[in-house]
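Notes to accompany the following structure.
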There are 4 protein chains.
Amino acid sequence: MSAQKKLTRAEQKALRPAQILDAAFEEFVRNGFTATRVEDIADRVGVTKGTVYVYFETKEQLFEAMISHFSVAFHELLDNTDRLDGSVTDRLKAILGLLYDQIVEDRITRELLRLVISEGHRFPDLIDRHHDQFIAPIIAKIEDLMREGMSSGEFRQMPVEFSDIVVAPILTTTILRLIFDDRRARTPNKDAFMRAYFDLLLNGLLVRRS
Amino acid sequence: MSAQKKLTRAEQKALRPAQILDAAFEEFVRNGFTATRVEDIADRVGVTKGTVYVYFETKEQLFEAMISHFSVAFHELLDNTDRLDGSVTDRLKAILGLLYDQIVEDRITRELLRLVISEGHRFPDLIDRHHDQFIAPIIAKIEDLMREGMSSGEFRQMPVEFSDIVVAPILTTTILRLIFDDRRARTPNKDAFMRAYFDLLLNGLLVRRS
Amino acid sequence: MSAQKKLTRAEQKALRPAQILDAAFEEFVRNGFTATRVEDIADRVGVTKGTVYVYFETKEQLFEAMISHFSVAFHELLDNTDRLDGSVTDRLKAILGLLYDQIVEDRITRELLRLVISEGHRFPDLIDRHHDQFIAPIIAKIEDLMREGMSSGEFRQMPVEFSDIVVAPILTTTILRLIFDDRRARTPNKDAFMRAYFDLLLNGLLVRRS
Amino acid sequence: MSAQKKLTRAEQKALRPAQILDAAFEEFVRNGFTATRVEDIADRVGVTKGTVYVYFETKEQLFEAMISHFSVAFHELLDNTDRLDGSVTDRLKAILGLLYDQIVEDRITRELLRLVISEGHRFPDLIDRHHDQFIAPIIAKIEDLMREGMSSGEFRQMPVEFSDIVVAPILTTTILRLIFDDRRARTPNKDAFMRAYFDLLLNGLLVRRS
DNA sequence: TATGAATGAGAATTCATTCAT
DNA sequence: GATGAATGAATTCTCATTCAT
C-alpha cells in the first residue's frame, strides 16, 4: 500500500497508457467498437476525455492498440509447446490442455475472439494478424503432431488438413461461453470435460470389436 | 420486367416489410447494430428513411423483427430429423449432415450467429431465444442418440453431457468461416470434411491394437 | 337514434368539416398549435390524415378555421345586452352575469382565451379579431353604462377609461380556472361569487361613516 | 469592452448557464416550448447547439431550469410586505402597489404567466410550484388584511374567500398586456390606474346616500 | 371523397475531436 | 500532461404534406 502511495507523478503517468488500454478493453468488449464512447473509457480510468487523446490519436487507433496490447499472451503458449516431451499422444494431450486454459478459461483471449468476430469487417488486418499469430501456428502444431503420430504408427492414417476437427471442442466451448456467458450454466468442469474429450478423440464413439 | 411494372400500390406495400427486413439483414450483418444507419437500410431498398419508420417504430424493433424473420429455417431441420431411420450411427451421420448444411453452408444462419455473438449484450433475449430454439433442441437430439447408441451396444459408454463435443467440428467450421469469410480459403469441401469428421468421431485417432 | 342511422353518405360528408373542427379544438387546446399533430385530429374523428387535407389546406388554415368556427357565441351575448331594462345598476348586474356565464363557465370561450394568449405571436390577426369582436364591444358597453350611471346620479364620478377594473373579477376567475383547471378546487360557486362581487363593486371595502 | 476581451475561459464558463437561461427565456416566451428550437437559443447566445447540451441535458430540463431561474423575484416582494405599517387601508394600498410593479410592469413575471397558461398541460408541476410560490401567498396575505380590517372596524363585513376579487384588476391588466402587448396602447398610466382602482375598491360605484 | 404509403425537411440529441488554459 | 468547454457532423426519429388508387 505504501508502494501504492509512493507513486510519483511521473510513475502515475507512465501507467496511464496501460490503464487506458485496460479500460478500453472492458468497454469495447461490452459494447463493441461503435457503441463505445471514448468518455466511458476515460471515466473508467478516472480521467477526462481529453486525457485519452493525449495518448491515442483516435478511437480507432486506441482500439487497435488495445488489441495489440492484449494479443501477447499467446506467444508464451506457443513457446511452451516446444518444450514438451513424451509420446505423441501425451504431447497432444498436453497441448490441448494448454489451449483449453488459454482459449476457454482466459477471459481476455475469449473476449478478443468476440471482437475478432464482431469487428472483423471494420478492422480487416485485425483478422489477418489474428490468423497469423493465433490460428495458423496452432493448426500447424497440431498438424505436425498428427503427421508424427501417423508416421510413428501411433495414430491411424487420416488427412491432416482437417486438424481443425481436433481442436474444435475447445473453440466450441469458448464460443458457447461467449454467447451464454454466465447467464446459462454451460461452463463445464475442466477435468471431466477433458477426460470425455480425449476419450472421444482418441478412441471414437464406436465399440471396438476385437 | 413488365411484371415489375405492373406492381400496384397494394402489391408494393405487401412487399415492403420483407424488402426492408432483407436490407436490414445485410446492413446489420455488415456493420453491427450501432454502426448501421437506418438510412443505409432505406437506400438499399430504394426508399427514404421515413418509409422504414412507417413499418418499424425504432431501429431496435427493426433489428429484432429482422432476427425473428430470419430465425425460422431451423424448424424444418428439426422436423426432418424425426423422420430418419437406420442404425444409430446412420442417423447420427444424417443429422450431422443436415446440421452442416444448416449451420456451415447457410449464410443466414451463419450470420445470425455472428449477431448473436456480437449483439448479445445489447439484446439479451436474443440469446435466450437462440438458445431455446436452436442450441437446446440440437443438443437434446444428439444426447438422445448417444443414449440410444450406448444402450444398444453400438457406442461405447461415455458421459452424455458433453455431446457439444460431437457437434463441435460443425460449429468450429462455421466460426472460422465467419472470421475469415472468403478472404482466406478455409471453406472445406463438404464431402471430404464429413468423411474425415465421421472417421475421427466414430473411430478415434488411435490405431486399434487387435 | 334512427335519425343517426339514417344518415346518408352525403349527410355524413356534410358533417365532416364540423367534426374535424371539433377535434381540432380539443387537440389544439390540449397541446397548442405546434405540438398538435394533424394525425391526432384525424384519429379523434376516426378518419385518416389525408381526409383532413381534403377539407383544410394546411394545419395553419385548419387552426384559423377552428378559431373562427368557435368564435361565434359572443354575438348572441352582445345582442342580449341590448334588450335589458331596469336601473343602470340592474342592467350592469345583468350584463356581468351574462359575461360570467360566457367567459367563466363556457369552456369554449375559456379555452379560446388560452389560445389567444399562447398562440398570439404566431397568429397576430387572431389577436386583432379577438379584440374587435370580444374585448372592444364589452368594454364599450360597460363604459356606456358607467357614463349613464354617472350622469343619472346613480354612480359616483370616476374616469371611464378604467372600466376594465369593473369586469376584472370575471376575467381573473377565468384565468385562474385556465391555470388550475380542475386540479385545484378554485372554481367558485357562482351565486356566492356574484353576491360578493357586486357588493364590493357597488359599495366598496370601507365602512360608511354616516 | 476590453473587459469583454479579458474574459478567461473560466469566467466565460461561469457565465454560460445564465446566458443560456436568458436566451431560453426569450425564445420560449416568443414561441412556446414546442416551437422553440434549441438551435435558436444557442444562436442567441452565440454558441452552437452542442454547447447548450453541455449545460442542460434536454430541452425539457432547460425549460424547467429557466422557469426556476426566473421565478425568484417574488420572494423579495413577499418579504417586503411583512415590513409595512400604517392603517389596514394603507397597507393594502401598499401591497397592491407592489403587486402592480411585480405583476404588471415586470416583464419577466408577466411572460412567466404566459408560459404557465400555455405550457401548463405539458409541465404540470410548473403549475403546482407557481401556485404554491406565487398565488397562494398573495391570496393569504390579502385575506389576512381583509380579516384584520373587518375586525378593526375599518372594512365592511364580507366573505374573505373571494379576495381574488380584490387583486383582480392587477391580474386583468397583466393579461390584457400579455394579449395585446405593445400592439394596442392598452398599458395604462400607473398612477391614474391605481387612483381609479383604489377609489373603486374602497368606495364602490354607488353614490353614498347620507 | 377517403385512404395511407411515401416523402423530405427538419429537430433533438450524441459524440469524436480540438484547443486554450 | 490534464482538463473540459466548445464544436459540428452525424444520426435517430417526427410530421406536415402529397398523390396514386
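Just the heavy atoms: all of them, side chains too, but no hydrogens, waters or symmetry mates, feed the values below. Chain identifiers are assigned alphabetically (A, B, ...) following the order of the sequence lines, protein sequences preceding nucleic acid strands; residue numbering begins at 1 within each chain.
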Closest approach of [X] to [Y] (non-hydrogen atoms, all atoms of both residues):
X	Y	value
A/Leu21	A/Ala65	CD2-C, 3.9 Å
B/Thr34	A/Ala35	OG1-CB, 3.4 Å
B/Ile41	B/Ala23	O-CB, 3.7 Å
C/Ile67	C/Leu126	CG2-CD1, 3.2 Å

| message | Whether B/Glu26 and B/Arg107 form a salt bridge (side-chain N of Lys/Arg under 4.0 Å from carboxylate O of Asp/Glu) is what I want to check. | response | yes
Salt bridge A/Glu64-A/Arg129, side-chain N to carboxylate O under 4.0 Å | no
- Message: With heavy-atom distances below 4.5 Å as the criterion, would you say the side chains of B/Leu113 and A/Ile117 are in contact?
- Response: no
Quiz prompt | Side chain to side chain, C/Arg37 and C/Asn31, heavy atoms closer than 4.5 Å | solution =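 Not touching, per the 4.5 Å side-chain cut-off.
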Parsed dot-bracket for DNA chain F after applying the Watson-Crick and G-U rules with both distances under 3.5 Å and | for other-strand partners is .||||||||||||||||||||
Q) Of the residues in residues 49-68 of chain D, which ones touch DNA chain E at a heavy-atom distance under 4.0 Å? A)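 Listed by number, they are D/Lys49, D/Tyr53, D/Thr58, D/Lys59.
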* **Interface residues of residues 18-47 of chain B with DNA chain F (non-hydrogen, below 4.0 angstrom)** =>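 By residue number: B/Thr36, B/Arg37, B/Val38.
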| query | Is the distance between the ring centroids of A/Phe56 and A/Phe63 less than 6.0 Å? | reply |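 Judged by ring-centre distance (under 6.0 Å), A/Phe56 and A/Phe63 do not meet the cut-off.
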* Asked: Using the ring of each side chain (for Trp, its six-membered ring), is A/Phe28 parallel, tilted or perpendicular to A/Phe33, with breaks at 30° and 60°?
  ->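 Parallel.
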